[in-house]
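Worksheet: the structure to be examined is printed underneath.
Remember, it's a predicted structure, so these values are computed and weren't measured experimentally. Naming: A, B, ... by sequence-line order, numbering from 1 per chain.
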2 protein chains.
Amino acid sequence: MNVYEYLLSFQIKPSVQRIAIMDYLLKHKTHPCIDEIYLALCKDIPTLSKTTVYNTFKLFIEHGAARMLTIDERNACFDGDLSAHAHFQCKVCGKITDIPIKQEETEMENLQGKGFSIEEVHHYYKGICPECLEKNNNN
Amino acid sequence: MNVYEYLLSFQIKPSVQRIAIMDYLLKHKTHPCIDEIYLALCKDIPTLSKTTVYNTFKLFIEHGAARMLTIDERNACFDGDLSAHAHFQCKVCGKITDIPIKQEETEMENLQGKGFSIEEVHHYYKGICPECLEKNNNN
DNA sequence: AATAAAATTGTAACAATTACAAATATAAAA
DNA sequence: TTTTATATTTGTAATTGTTACAATTTTATT
C-alpha cells in the first residue's frame with residue numbers, strides 16, 4: 001500500500017504536503033520533531049510552511065495515523081509506528097530508541113476495571129545508551 | 001523528618017523558598033505545574049519570583065528530590081513521590097492520577113542487558129477518568 | 001469557466017522557559 | 001560586630017515552541 005492509500009485508510013485526504021510528511025515519518029524511524037521534518041522537506045517542497053507541518057501532525061493524530069511523544073521536554077516528537085512499543089531516550093546524544101514491550105495487559109485491565117477509559121499508553125525510559133556509555137569509558 | 005532535614009538529605013541547602021516549595025510538593029499530590037506552585041505560595045511569600053520556582057525545581061531534579069512529568073503537553077508537572085508508580089491523565093478534566101505498578105523488572109533487566117543505563121522510568125496512560133465518563137453519561 | 005470549499009502559507013500573537021544582571025540574604029573572616 | 005565573600009532570589013528581557021488568523025492558493029463542484 002502506498003502512502004496515498006495509507007492516508008485514505010485513516011480518512012485523511014491526501015495532499016502533496018501530507019503525503020510527503022507521512023512518507024518521511026514512515027521511512028525515518030528517528031521520531032522526528034517538527035523542525036526535522038520541516039528542514040528535510042523544504043528541499044523538495046520549497047514553499048512548505050512550518051504551520052503546515054504543525055497542522056498536518058495535528059490532523060494525523062486526530063485521525064490516529066501518528067502518535068506524539070513527550071519524552072523530550074524540549075520538543076514534541078512524532079512516531080508513525082502505531083504498534084505497542086516503549087521508547088528510550090539517551091540523555092547524552094538525545095537519540096530515541098524503540099523498545100519492544102510485552103503489553104502488560106494486567107495493568108491496563110486493572111485500570112479499566114476501575115472505570116478508566118484508556119486511549120493512550122506511553123512508556124518511556126531515560127538514561128544513557130550503549131554508544132554514549134562506550135565513548136565515555138574511552139575518555 | 002521535617003522538610004528542612006528532608007532537603008538536607010538530598011544535599012540541598014534549605015531556604016525559605018525551597019522549603020515552601022518542597023513542602024507544597026509533599027503535601028499536595030496534584031502533580032503541580034510551575035504556575036500552581038507559584039500562585040499558591042505567593043500568598044505566603046509575596047516576593048516570590050516565578051524564576052525561583054523554575055530554578056528550584058531544576059535543583060530538586062538534579063539532586064533527585066523531585067521528578068518532572070511530561071505527561072501534559074502544555075506544562076511540565078512535578079512529582080515529589082519518588083516511589084515507582086505510573087500516571088493517568090484524563091483528557092477531559094486534565095487531572096493526573098497515580099497508578100500503582102508492579103515494576104516490571106524483566107523489561108528493565110532486558111534493557112540493561114543490552115547495555116543501556118536506565119536512570120528514569122516514565123509510564124503514562126491517557127484517556128477519560130471515571131468521574132468524567134460518569135458526567136458524560138448523564139448528559 | 002465560474003463558484004464554492006478545503007488546504008496551505010506567512011505573519012503576528014502567545015505562552016512556557018531561560019539568560020542574565022541587579023538586589024538581597026546568608027555565611028565566613030577579620 | 002563589622003567587613004567581605006558567596007549563594008540565593010528577583011525582575012526583566014530574550015528566546016523558543018506553538019497557535020491564531022487572515023490572505024492566498026489549490027482542489028473540487030456546479
Side-chain angles (χ1 to χ4, degrees), chain A residues 3-4 7-8 10-25 31-63 65-79 89 94 96, chain B residues 3-4 7-8 10-24 31-63 65-78 89 94 96:
Chain A
V3 179
Y4 184 94
L7 287 176
L8 281 178
F10 288 101
Q11 331 267 34
I12 295 168
K13 196 152 57 161
S15 72
V16 173
Q17 291 84 348
R18 289 171 183 176
I19 291 170
I21 292 172
M22 182 54 85
D23 188 60
Y24 187 94
L25 195 61
H31 315 88
C33 62
I34 296 286
D35 265 48
E36 179 180 332
I37 299 261
Y38 175 71
L39 291 173
L41 299 185
C42 266
K43 293 159 198 160
D44 294 313
I45 311 173
T47 64
L48 186 68
S49 164
K50 209 178 271 189
T51 301
T52 299
V53 185
Y54 277 103
N55 290 342
T56 302
F57 271 115
K58 201 180 165 215
L59 188 81
F60 285 1
I61 285 163
E62 282 167 359
H63 285 73
R67 289 189 189 152
M68 188 193 290
L69 309 184
T70 57
I71 190 171
D72 187 331
E73 301 104 46
R74 304 161 199 283
N75 283 304
C77 299
F78 298 92
D79 196 345
Q89 181 173 46
I96 297 173
Chain B
V3 179
Y4 184 94
L7 287 176
L8 282 177
F10 289 100
Q11 331 266 35
I12 295 168
K13 196 151 59 159
S15 73
V16 173
Q17 291 84 347
R18 290 171 182 175
I19 292 170
I21 292 172
M22 181 55 85
D23 188 61
Y24 187 93
H31 315 87
C33 61
I34 296 285
D35 265 49
E36 178 179 333
I37 298 261
Y38 174 71
L39 291 174
L41 298 185
C42 265
K43 292 159 198 160
D44 293 313
I45 311 173
T47 65
L48 186 67
S49 163
K50 209 178 270 190
T51 300
T52 299
V53 184
Y54 276 103
N55 290 342
T56 302
F57 272 114
K58 200 179 165 217
L59 189 81
F60 284 1
I61 285 163
E62 283 166 0
H63 284 74
R67 289 188 188 152
M68 188 193 290
L69 309 184
T70 58
I71 191 172
D72 187 331
E73 301 104 46
R74 305 161 199 282
N75 283 304
C77 299
F78 297 91
Q89 182 174 43
I96 297 173

### Task
Select from B/Y38 and A/N75 the residue whose nearest nucleotide in DNA chain D is closer to the 5' end of that strand.
B/Y38
### Task
In whole angstrom, give the distance that lies between atom CG of A/L69 and atom P of D/dG17.
17 Å
#### Entry: Member of B/I37, B/V53, B/V16 meeting the side chain to side chain contact (heavy atoms under 4.5 Å, CB included) criterion with B/L48
B/V53
## Note on the structure
A/M68 CE to D/dG17 P, in whole Å, measures 14 Å
## Note on the structure
Looking only at C/dT9, D/dT8, D/dT18, the nucleotide nearest the A/T52 side chain is C/dT9
### Task
Tell me, please, which residues at least two apart from B/Y38 pass side-chain hydrogen bond (donor to acceptor under 3.5 Å, both in side chains).
none
### Separation of C/dA16 P from B/E36 CD (nearest whole Å)
14 Å
### Message
Could you tell me how far apart B/F57 (CZ) and C/dA16 (C1') are, to the nearest whole angstrom?
### Response
15 Å
### Message
Generate the contact string for nucleotides 19-30 of chain D. Rules: B means base contact, S means sugar-phosphate contact only, - means no protein heavy atom under 4.0 Å.
### Response
BBB---------
### Message
So if I apply the side chain to side chain contact (heavy atoms under 4.5 Å, CB included) rule between A/C77 and each of A/L69, A/I34, A/T70, which one comes out positive?
### Response
A/L69
### Query
Do A/F60 and A/I21 touch side chain to side chain, with heavy atoms closer than 4.5 Å?
yes
### Query
Roughly, in whole Å, what's the span from CZ in A/R74 to P in D/dT18?
13 Å
### Query
So, is A/R18 close to the C/dA7 phosphate, meaning a side-chain N or O under 4.0 Å from OP1 or OP2?
yes
### Message
From NE2 of B/H63 over to C1' of D/dA7, roughly how many Å is that when rounded to an integer?
### Response
13 Å
### Message
Tell me whether the side-chain N/O atoms of B/T47 come closer than 4.0 Å to OP1 or OP2 in D/dT10.
### Response
yes
### Query
By side-chain hydrogen bond (donor to acceptor under 3.5 Å, both in side chains), which residues pair with B/D35, not counting sequence neighbours?
B/K50
### Message
Can you confirm whether B/E36 sits close enough to B/N75 that some side-chain heavy atom of one is under 4.5 Å from a side-chain heavy atom of the other?
### Response
no
### Query
Given atom CD1 of B/I19 and atom P of D/dT8, what is their separation to the nearest angstrom?
13 Å
### Summary
Separation of D/dT18 atom P from A/I37 atom CD1, nearest Å, is 13 Å
### Query
Are A/Q17 and C/dT9 close enough that a side-chain N or O sits under 4.0 Å from OP1 or OP2?
yes
### Summary
What one should report as the nearest heavy-atom pair of A/M68 and B/E73 is SD-CG, 3.9 Å
### Task
Would you mind classifying the nucleic acid contact of A/S15 as base, sugar-phosphate or nothing, using non-hydrogen atoms under 4.0 angstrom?
sugar-phosphate
